[in-house]
Number of protein chains: 2
Amino acid sequence: MSVEAQLRAGKTRLRLWLKLLKTSNAIEAALRDRLRTEFGTTLPRFDVMAALARTPEGLKMSELSRRLRVSNGNVTGIVDRLEAEGHAERRAVAGDRRAMEVRLTAAGRAHFATLAEAHEDWVNALMGAITEEEAQRIMSDLDAVARDLEEKR
Amino acid sequence: MSVEAQLRAGKTRLRLWLKLLKTSNAIEAALRDRLRTEFGTTLPRFDVMAALARTPEGLKMSELSRRLRVSNGNVTGIVDRLEAEGHAERRAVAGDRRAMEVRLTAAGRAHFATLAEAHEDWVNALMGAITEEEAQRIMSDLDAVARDLEEKR
DNA sequence: CGGATTTATTTCAAGCATAAAATATCTTTG
DNA sequence: CAAAGATATTTTATGCTTGAAATAAATCCG
């Protein structure tokens, strides 16, 4: 590829990044806003509940932090609040007195079912401009980026 | 479109959203990390400096908040910190004693030039898996989403 | 066994982000 | 002109996020 084409591709990638960021921020803001106004909750709490909903037997704090790719201290705070709401509970782990297992309460499971359904509808509406085919193509491009990023890390 | 195809498209859009979010979070995290370790600064400060660099005559606080789509109070804090670093300055606006104009200092302009060049290189490397053509196509898809979102708001 | 290291979690300080309230000033309008 | 409303900014309270330090418990290994 020529030097000029390289330079052009670089500028295009920068523009793509800015647009990607803007779009994902806009969608995220819409989701946060609806979670707050319609259900009085937040995206981080939703994300933790989603992870817990997938593993009914519970997850250790460190597992939760690893899966969500956020710091340990962050998870501590979010689980504190979910626990205060009665949506999650910590339990001692048999055989390791350092560890804590977190799981959804019955109330938490019921609440999450409602949230998840609304969330799926919102996303579907927000991304209504994308067809099934476009979505597939973008996903495969993003997979390439993710694999590349993974290697670099 | 059949009911089944509709359902399938909905699930695909949800998967796309999760992937979009994950990718953009990963790239953003890499940029934050480099800004912090290599330059001791942050993405919000970079964003404010980028907006100010585009308008050398300065911007009012409210203009800045509108362009970056963040709250007024948020801009207050970021500009406070940029000012403390000596990278930006507030000036009274002639004819409106409520308003403040913010602009980069000479040191701020010099610092931002360095940051912006590194930033462009990082983005280019992080998105290296995307070709010029793919980038163009994804951007036009994202434009469709953005237009759609704009209407809904 | 017992000291050194690793692992699991929490705490802490700082910054970012929001919505809502507070201030101050400008503009409109009766 | 004066009250009412609009606009510009800051302050406040709350929550999310991180990296680094602090605790506590488990594991390793000489």
Side-chain angles (χ1 to χ4, degrees), chain A residues 21 24-26 28-49 58-85 87-102, chain B residues 21 24-26 28-49 58-85 87-102:
Chain A
L21 185 59
S24 99
N25 282 346
E28 200 175 323
L31 295 176
R32 284 179 195 279
D33 189 60
R34 283 170 160 81
L35 280 173
R36 185 179 67 84
T37 58
E38 296 187 24
F39 295 104
T41 190
T42 66
L43 202 46
R45 299 213 263 256
F46 178 82
D47 290 341
V48 167
M49 293 187 89
L59 285 172
K60 290 201 299 180
M61 292 297 280
S62 47
E63 240 323 269
L64 208 39
S65 136
R66 202 185 58 73
R67 292 198 190 189
L68 301 175
R69 295 163 203 279
V70 299
S71 67
N72 286 344
N74 192 355
V75 171
T76 296
I78 298 170
V79 170
D80 283 352
R81 285 179 283 270
L82 285 176
E83 212 167 14
E85 291 173 354
H87 288 141
E89 58 188 358
R90 279 175 170 94
R91 296 168 46 123
V93 170
D96 190 342
R97 284 180 303 165
R98 296 168 304 178
M100 287 302 230
E101 208 147 64
V102 196
Chain B
L21 186 58
S24 98
N25 283 346
E28 200 174 322
L31 295 175
R32 284 179 196 279
D33 188 60
R34 284 170 159 82
L35 280 173
R36 185 178 67 84
T37 58
E38 296 187 23
F39 295 104
T41 190
T42 65
L43 203 47
R45 301 215 260 258
F46 178 82
D47 290 341
V48 167
M49 293 187 90
L59 284 173
K60 289 201 297 180
M61 293 296 280
S62 47
E63 240 322 89
L64 208 39
S65 135
R66 201 186 59 73
R67 293 199 190 189
L68 301 175
R69 295 162 201 279
V70 298
S71 66
N72 285 345
N74 191 357
V75 171
T76 296
I78 298 171
V79 170
D80 283 352
R81 285 179 283 270
L82 285 176
E83 211 166 14
E85 292 172 351
H87 289 142
E89 59 188 357
R90 279 176 170 93
R91 296 168 44 123
V93 171
D96 189 342
R97 286 180 301 167
R98 296 167 305 178
M100 286 303 227
E101 209 147 63
V102 195

How does protein reach along nucleotides 9-15 of chain C, written 5' to 3' as B (base within reach of a heavy atom under 4.0 Å), S (only sugar-phosphate), or - (no contact)? BBB---S
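In this structure, A:D47 atom CG and D:dG15 atom P are separated by 17 Å, rounded to whole Å. Counting to the nearest Å, the P atom of D:dT9 and the CZ atom of B:R91 are 15 Å from each other. For the pair B:R66 CZ and D:dT7 C1', the computed distance is 14 Å after rounding to whole Å. Nucleotide C:dA17 holds its P atom 12 Å from the CG atom of B:L64, rounded to whole Å. C:dT18 atom C1' lies 16 Å from atom CG of A:L31, rounded to whole Å. Here C:dA19 presents its C1' atom at 14 Å from CZ of A:R32, a figure rounded to the nearest Å. Between the P atom of C:dC16 and the CG atom of B:L68 lies a distance of 13 Å, rounded to the nearest Å.
Side-chain contact check for A:N72 versus A:M61: every heavy-atom pair is 4.5 Å or farther apart. Using a 4.5 Å cut-off on side-chain heavy atoms (C-beta onward), A:V75 and A:R66 make no contact. At least one side-chain heavy atom of B:P44 sits under 4.5 Å from a side-chain heavy atom of B:R32.
Residues A:G58 and A:E101 approach most closely at C-CG, 4.0 Å, considering heavy atoms. Taking both residues in full, the closest heavy atoms of A:G40 and A:R45 are given as O-NH2, 4.4 Å, listed atom of the first, atom of the second, then distance.
Here B:I78 lies in heavy-atom contact (under 4.0 Å) with sugar-phosphate atoms only.
Each of B:E89, B:E83, B:E85 was checked for a side chain to side chain donor-acceptor pair (under 3.5 Å) with B:H87, and the lone residue meeting it is B:E85.
Summary of the strand contacts: A:D33 and B:L43 both lie near DNA chain C, and taking for each the nucleotide with the nearest heavy atom, the more 5' one is attributed to B:L43.
A salt bridge is absent between B:D47 and B:R67: the closest approach of a Lys/Arg side-chain nitrogen to an acidic carboxylate oxygen does not fall below 4.0 angstrom.
At the phosphate of D:dA24, neither OP1 nor OP2 sits under 4.0 Å from any side-chain N or O atom of A:R97.
Ranking D:dA26, C:dC26, C:dA20 by closeness to the A:R36 side chain, first place goes to C:dA20.
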